[in-house]
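In what follows, every heavy atom counts, from backbone to side chain, and hydrogens, waters and symmetry copies are set aside. Numbers here simply count residues along the sequence, with the first being 1.
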Amino acid sequence: MSQTSSRAAEPFDANARPEQRKNESIADWLGRQIVTGVYGLGQPIPKEMDFIAETGVSRGAYREALRRLAGKGMVITRTRSGSRVAPREKWSLLDPDVVRWSFESGAPPDWYIRSLYEMRAMIEPPAAAFAAERRTEADLQLFREALHAMRYCDMTEDSWHMADASFHRAILISSHNPVLLSLESGICAAVAYTTAFRYRDMPNPHTRNPVNEHAAVFERIEAGDAIGARRLMTELVDTALLDSKGTTVFDLGLPTLKV
């Protein structure tokens with residue numbers, strides 16, 4: 001995403017998603033324009049009165065949408081200068097909506113894909129070790145259900161991507177660490193959308209089902225083997241990153257992640 005963009009903004013259709021509140025639809029539309037660089041970093045977004053006149057939405061709906069984006073660090077609003085796209089370092093890049101917009105608006109930039117995997121490599125292997133030490137029988141059942149779905153769902157379907165995310169959610173839940181669990185929505189969004197990208201949306205999708213690698217992590221967690229769980233979880237995230245680098249997505253020439 002550059003400071004300026006030659007891409008034209010897609011028109012906002014106030015009636016496209018009547019099942020949602022208008023401010024959510026506006027925030028969705030603006031968020032997509034921002035992550036794709038239609039409104040570049042530091043650039044103004046549509047003025048309130050111009051947007052209202054063009055779309056017919058209410059002033060309150062537009063302002064609430066801006067508040068949502070400001071809460072994600074994507075927009076800065078000042079009294080005299082209006083609303084502008086905030087510097088990227090201010091964005092909540094792990095916010096589930098930001099993750100979703102980034103992937104649903106086309107192939108995300110290379111740095112974003114890699115950064116998500118680097119974050120996961122820092123968090124998930126230690127969380128798997130905690131899970132091996134602290135898991136309950138109820139926790140183990142969450143893993144079994146996720147693995148069952150991963151075995152019997154098609155990898156190109158959202159149901160498989162959600163099952164994969166459920167497995168990784170189970171790791172955070174089983175860690176019994178409230179701070180780690182607070183990252184659940186962001187990490188699970190990252191897992192679901194990078195998985196969908198890897199197995200469905202990239203130019204040459206991967207076809208290898210990683211259920212056996214997930215099952216191996218579960219076996220170590222079930223056995224109470226913290227060292228083994230951490231090692232296999234590290235390998236699982238590393239392999240997913242290599243799958244996403246693959247032959248078509250990006251080639252940064254950077255070393256493989258090791259935790």
Under a 4.5 Å cut-off applied to non-hydrogen side-chain atoms, are Leu180 and Ile187 in contact?
no
Under 3.5 Å: donor-acceptor pair, side chain of Arg134, backbone of Ser175
yes
Arg100 side chain reached by Tyr193 side chain, heavy atoms, under 4.5 Å:
yes
Smallest heavy-atom separation, Ala146 atom then Ala163 atom, equals CB-O, 3.6 Å
Note: Ala165 and Ala192 closest approach over all heavy atoms is CB-CB, 4.2 Å
Check Gly186 against Pro96 and note the closest heavy-atom contact, atom names and distance.
N-CG, 4.2 Å
Check for a donor-acceptor pair, side chain of Tyr112 on one end and backbone N or O of Leu93 on the other, with a separation under 3.5 Å.
yes
Might you work through the side-chain contact (heavy atoms from CB on, under 4.5 Å) test for Tyr152 and Val211, ending with a clear yes or no?
CA-CA 10 Å; Tyr152 295 104; Val211 66; over 6 Å; no
Compare all side-chain heavy atoms of Arg63 with those of Thr77 and state whether any distance is below 4.5 angstrom.
no
Step by step, would you call Arg78 with Arg84 a side-chain contact (heavy atoms from CB on, under 4.5 Å)?
CA-CA 9 Å; Arg78 294 190 173 92; Arg84 294 179 177 272; over 6 Å; no
Membership question, hydrophobic clusters at under 4.5 Å side-chain separation (ILVMFWY): are Met74 and Ile76 in the same one?
no
Same cluster or not: are Leu147 and Ile171 linked, directly or through other Ile, Leu, Val, Met, Phe, Trp or Tyr residues, by side-chain heavy atoms under 4.5 angstrom apart?
yes
Could you tell me if the ring centre of Phe51 sits under 6.0 Å from that of Trp29?
yes
Phe167 and its side chain to side chain contact (heavy atoms under 4.5 Å, CB included) partner, picked from Leu142, Val217, Val191:
Val217
Same cluster or not: Leu172 versus Leu116, using hydrophobic residues (I, L, V, M, F, W, Y) connected whenever any side-chain heavy atoms lie under 4.5 Å apart?
yes
Does the side chain of Thr136 come under 3.5 Å of the side chain of Asp139 through a donor N or O and an acceptor N or O?
yes
Is it possible for you to say whether Leu181 and Val99 belong to one hydrophobic cluster, with membership spreading through side-chain heavy-atom contacts below 4.5 Å?
yes
Would you name the heavy atoms of Leu69 and Ala27 that are closest together and state the gap between them?
CD2-O, 3.9 Å
Mark yes or no for whether Thr36, through its side chain, and Gln33, through its backbone, hold a donor-acceptor pair below 3.5 Å.
yes
I want to check something: taking the side chain as every heavy atom from C-beta on, are Asp164 and His161 in contact at a cut-off of under 4.5 Å?
no
Would you give the length of the straight line joining atom CG of Asp238 to atom CD of Glu235, rounded to the nearest 0.5 angstrom?
7.5 Å
Within the 3.5 Å criterion, strictly below it, is a donor on Asp154 or Trp160 matched to an acceptor on the partner's side chain?
no
Test item: Ser166 and Arg169 side chains (from C-beta on) under 4.5 Å apart, heavy atoms
yes
Between Tyr62 and Leu30, is a side-chain contact (heavy atoms from CB on, under 4.5 Å) present by the stated rule, with each step listed?
CA-CA 10 Å; Tyr62 188 69; Leu30 283 172; 4.2 Å; yes
Taken to the nearest 0.5 Å, the spacing of Trp91 CH2 from Glu89 CD works out to 10.0 Å
Nearest 0.5 angstrom please: Glu213 CD to Thr239 OG1, how far?
6.5 Å
Test log, rule side-chain contact (heavy atoms from CB on, under 4.5 Å), inputs Phe218 and Leu140
CA-CA 8 Å; Phe218 169 63; Leu140 295 177; 3.7 Å; yes
Run the salt-bridge test on Glu137 and Arg144 with the 4.0 Å N-O cut-off and return the result as yes or no.
yes
Quick one: does any side-chain atom of Arg230 pair with a main-chain N or O of Pro125 as donor and acceptor, under 3.5 Å?
no
What are the two closest non-hydrogen atoms of Asp97 and Asp95, and how far apart are they?
N-OD1, 2.8 Å
Are any of the side-chain nitrogens in Glu64 or Arg68 under 4.0 Å away from the carboxylate oxygens of its partner?
no
Taking Leu232's backbone N and O only, do any of them form a donor-acceptor pair with Arg220's side chain (distance below 3.5 Å, no angle check)?
no
Taking side chain as C-beta onward, heavy atoms only, is His176 less than 4.5 Å from Glu133?
no
Pairwise distance CG(Leu183) to CZ(Arg120) - rounded to 0.5 angstrom:
13.0 Å
To the nearest 0.5 Å, what is the distance between OG (Ser83) and CD (Gln43)?
14.0 Å
Are Ile113 and Phe197 packed together at the side-chain level, in the sense that at least one heavy-atom pair is separated by less than 4.5 angstrom?
yes
Does any non-hydrogen side-chain atom of Pro108 lie less than 4.5 Å from one of Val35?
no
Taking every non-hydrogen atom, the tightest pair across Ala86 and Leu41:
O-CD2, 3.7 Å
Assess whether a salt bridge exists between Arg59 and Glu48, defined as any Lys/Arg side-chain N lying under 4.0 Å from an Asp/Glu carboxylate O.
yes
From NZ (Lys72) to CH2 (Trp101), nearest 0.5 Å:
5.0 Å
